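Presented below is the structure to which this report refers.
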Amino acid sequence: MATDDGIRIGSENVLETAVTWHGKGKAVALATVVLTWGSSPRPVGSQLAVDDAGAFVGSVSGGCVEGAVVRAALDVIKQGKPRLLNFGITDEQAWDVGLACGGEVQIYLERIE
Amino acid sequence: MKRAILDELVAARSAEKPVALATVLESGMQAVIYADTSPDTVPIGAAAVSAAQRALLDDRSVMVETEGSTLFVHVHSPPRRMFIVGAVHIAQALVVMAGLAGYAVIVIDPRHAFATDERFPFANVVKEWPDKALKRLVPDKRSAIITLTHDQKLDEPALRVALKSEAFYIGALGSKKTQTARRERLAQAGFTEQSLSRIHGPVGLPVGARTPGEIAIAIMAEITQVLRAKS
């Protein structure tokens, strides 16, 4: 298991999971944090992969908006067109899926083709 | 994202080769960019390629405006490395925490009774003299080096190599008295005061840690502070 460069435990392996799912014939979408303002909990580049059954790995917030991202991802899986999502305290859905911490995030959603 | 692009990213990550994915957010157009990618070979334009290569150098994902469009550059860097000198009890705890924090961990100890795979299922164990192993594995600015043996003939050769590297964190276990004596010996060996000030010792944030697990927490917290608090 070990290699000369060390081994990883606890790393997210979101992309690797996306490849595995896609290889099994599942439709897969990727969500990526592309911009943050204020105290958003996950940095730019954080990712989440979603399959067509709504299973997901990774995270794009501290759990605040994952549910909404997964719902939007299922739509992107159906429609195929990439989409930018904005979440934040100023969002009209703030009470449902806004970031309780007061930060804002922009998330890019795309389907694996 | 085309599957071929995803496959290329995963292959680069697996080979621990720094790679960036550049995405034009308006069109969804994407290209995989390496430090040496020539702009003529990808469909996103020279300015975008140059922005992606700058992000690779900075080791930081970023959104930029180029040529009237919005480009997101997602940098995938290999994991930071942590070199732990001394396959001791504290190292067993530190290996797990460092792994959770995303480090690739290398435990170095020439003493075969300590350096066993059974004691370190989550790390690569190198059974060599620390200075020799570190010279071979070349710690860089994305590396942390911690000496834990309490044995100056193991710790000090490791620290000499560490101080000549660009490692972002160097820590050495030992009491204040041990640290002072060690600094004097290293100073006599020619290391300057400025160079020696890079050594964090006693190692770890002063949280009153006592057990190996607690000491590992204190060390991991200090490394995280050094890595993140300034940015």
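Naming convention: chains lettered A, B, ... in sequence-line order (proteins, then strands); numbering from 1 in each chain. As the structure is a prediction and not an experimental result, all values here were calculated from the model.
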Inset, instruction - Could you please state which residues from residues 19-26 of chain A sit under 4.5 angstrom from chain B, measuring non-hydrogen atom to non-hydrogen atom, sorted by number, or 'none'? - result: A/V19, A/H22, A/G23
Please output the side-chain donor-acceptor pairs of residues 157-172 of chain B that fall under 3.5 Å, not counting sequence neighbours, one pair per line with the distance.
unit_1	atom_1	unit_2	atom_2	d
B/S165	OG	B/A162	O	2.7
B/S165	OG	B/A167	N	3.1
B/Y169	OH	B/E222	OE1	2.6

Inset, instruction - Quickly, which of A/V34, A/T36, A/V44 forms a side chain to side chain contact (heavy atoms under 4.5 Å, CB included) with B/M63? Name it, please. - result: A/V34
Inset, instruction - Mind checking the OG-CG spacing from B/S14 to A/L15? Nearest 0.5 Å is all I need. - result: 12.0 Å
Legend entry - Nearest atoms (heavy-atom pairs only) where A/G45 meets B/S61: CA-OG, 4.4 Å
Inset, instruction - Mind ranking A/V28, A/L35, A/L84 by heavy-atom pairs under 4.5 Å with chain B and telling me who comes out on top? - result: A/L35
Inset, instruction - Tell me, with the steps shown, if B/R13 and A/E16 meet side chain to side chain contact (heavy atoms under 4.5 Å, CB included). - result: CA-CA 9 Å; B/R13 283 162 57 91; A/E16 290 74 9; 2.9 Å; yes
Inset, instruction - Using the test side-chain hydrogen bond (donor to acceptor under 3.5 Å, both in side chains), find all partners of B/E214 that sit at least two apart in sequence or belong to another chain. - result: none
Legend entry - Sorted by number, residues from residues 21-34 of chain B in contact with chain A (heavy atoms, under 4.5 Å): B/T23, B/L25, B/G28, B/Q30
Legend entry - Proximity breakdown for A/L30 and chain B, heavy-atom pairs closer than 4.5 Å: side chain
Inset, instruction - Please check if atom NZ in B/K127 has more than 12 non-hydrogen atoms from other residues, nucleotides or ligands closer than 6.0 Å. - result: yes
Legend entry - Chi angles and distances behind the side chain to side chain contact (heavy atoms under 4.5 Å, CB included) call for A/I112, B/K2: CA-CA 6 Å; A/I112 307 299; B/K2 294 197 178 90; over 6 Å; no
